[in-house]
Amino acid sequence: YYDGVLFDNYGVGGIYSNIISGNTIYNISETTSYGIRFINEYAGGIWNNSIEDNEIYDTAECVYFMNSVNDGDIYENAVSGNTLHDCQDGVTFVNHEADGNISDNALEDNAIYNCTTGIYIRNDDIYCNGSTYDNTLENNTIYNLMCGIQFTNYGNGEMRGNGVTDNTIHEGYLGIDFYAEHNGSICDNAVSGNTVYNLTQGVYFGTSSWKYEGWLNQLYTPARYEYRGKVATKRFERDCLSEYAEVFKTVCVDAAYYTF
């Protein structure tokens, strides 16, 4: 790995109350490169750190926080006033096979452009039981990208109570995206006051696949698929996408994942 600034915790302590400000970090061109990286690999946490007024570019990840296989929390960190560009992801918070939580972090007043994803917050995999909640994403300017702001829950915890407000997102493919699969949930988040324009797509909510009979009487109406008083599986799998589309306007086709 190649890092401009690295904080790495292998112990039961924590990474906290650090201020990283006024730096210019650039031209770290390796695939696995980071401008500023915090990684928590044991039971400690990452909290109350401030990343402010830095310029980071020509690197894979600009600002990166990760819980890796542990129970620690990432909370009350501030990422503000930074200029992040020409990268894969601007700001990333990730729970990787972790039971810790990502909460109460503030991402404000950043300029992020020429990247794949502006702000990416995710529970990384099915072994992740941690939750992501009460984070604030406010007044960021994000443009020339694939996705402006993305919340992805591949795990079993919740993504709830996050606020996405007063951001400006333009010139790209997808503005704001919330996505969940497995047993995780996305609920009670607030998306308001954002300006999103000149995108191929806007703000869509969807799920991973759609052929779940467990959603009968929740998303699907059993009577539409009944044959001789019972839900016919073949009829359900053939026709349920049209009823799904009455509620959700996007869906993930994950067949390739399970094929391989």
Side-chain angles (χ1 to χ4, degrees), residues 34 37-40 46 60-69 73-75 77 79 84 87-105 107 110 112 115-137 140 142 145-165 167 169 172-191 194 196 199-210 212 244 248-258 260:
Y34 303 85
R37 180 163 63 127
F38 293 81
I39 181 168
N40 188 33
I46 303 171
E61 307 281 350
C62 287
V63 178
Y64 189 88
F65 291 81
M66 183 171 75
N67 262 335
S68 179
V69 199
D73 295 330
I74 301 175
Y75 62 98
N77 298 284
V79 182
L84 314 172
C87 59
Q88 178 175 315
D89 300 314
V91 182
T92 302
F93 285 78
V94 56
N95 263 332
H96 176 68
E97 297 185 15
D99 294 336
N101 299 309
I102 300 172
S103 67
D104 299 291
N105 300 286
L107 287 70
N110 300 285
I112 305 172
C115 56
T116 302
T117 305
I119 298 172
Y120 193 10
I121 299 177
R122 70 182 187 269
N123 292 330
D124 213 16
D125 50 56
I126 195 171
Y127 303 106
C128 175
N129 297 310
S131 292
T132 301
Y133 59 90
D134 294 343
N135 298 285
T136 301
L137 286 64
N140 299 284
I142 305 172
L145 39 77
M146 284 293 293
C147 183
I149 296 171
Q150 185 167 19
F151 285 83
T152 302
N153 192 0
Y154 294 111
N156 304 309
E158 293 183 333
M159 284 188 161
R160 57 177 166 79
N162 299 287
V164 182
T165 59
N167 301 282
I169 303 170
Y173 179 73
L174 183 62
I176 302 168
D177 180 40
F178 286 81
Y179 172 83
E181 61 179 65
H182 300 303
N183 297 314
S185 61
I186 296 175
C187 58
D188 299 322
N189 299 285
V191 181
N194 300 284
V196 181
L199 297 177
T200 305
Q201 305 293 335
V203 181
Y204 291 135
F205 290 81
T207 65
S208 176
S209 192
W210 61 94
Y212 293 121
Y244 174 98
F248 297 107
K249 302 306 179 186
T250 184
V251 69
C252 174
V253 180
D254 57 2
Y257 172 83
Y258 290 104
F260 291 104

Next item on the list: Please determine, by modelled atom types, if N153 and T132 share a side-chain donor-acceptor pair under 3.5 angstrom.
Entry: no

Item checked: From I39 atom CD1 to S68 atom OG, the distance as rounded to the nearest 0.5 Å -> 5.0 Å

Notebook entry, point to check: Roughly how far apart are I149 CD1 and T117 OG1, rounded to 0.5 Å?
Noted result: 11.0 Å

Notebook entry, point to check: Distance only, no hydrogens: is a donor on one side chain within 3.5 Å (strictly under) of an acceptor on the other, for T92 and E61?
Noted result: yes

Next item on the list: Using side chain to side chain contact (heavy atoms under 4.5 Å, CB included) as the criterion, point out the one residue from N140, N105, L107 that pairs with V79.
Entry: L107

Notebook entry, point to check: What residue pairs, at least two apart or across chains, pass salt bridge (charged side-chain N to carboxylate O under 4.0 Å, His left out) with a residue in residues 148-162?
Noted result: E158-R160

Checklist line | Partners meeting side chain to side chain donor-acceptor pair (under 3.5 Å) with N189 (sequence neighbours left out) | finding: N162

Notebook entry, point to check: Could you give the distance from CD1 (I119) to CD1 (I142), rounded to the nearest 0.5 Å?
Noted result: 4.0 Å

Note to self: Using 30° and 60° as the class boundaries, would you call the ring planes of F178 and F151 parallel, tilted or perpendicular?
What the structure shows: parallel

Checklist line | Separation between SG of C62 and CG of D89, rounded to the nearest 0.5 Å | finding: 8.5 Å

Margin query: Can a side-chain donor-acceptor contact be found between Y244 and T207 if the only test is distance below 3.5 angstrom?
Written below: yes

Check: Within the side chain of N123, is there an N or O that forms a donor-acceptor pair under 3.5 Å with the backbone of G157?
Finding: no

Checklist line | Value rounded to 0.5 Å, distance of SG in C87 from OH in Y34 | finding: 13.0 Å

Checklist line | Pairwise distance CD1(I74) to CG(N95) - rounded to 0.5 angstrom | finding: 6.0 Å

Item checked: side chain to side chain donor-acceptor pair (under 3.5 Å) involving N101 - partner list, sequence neighbours excluded -> none

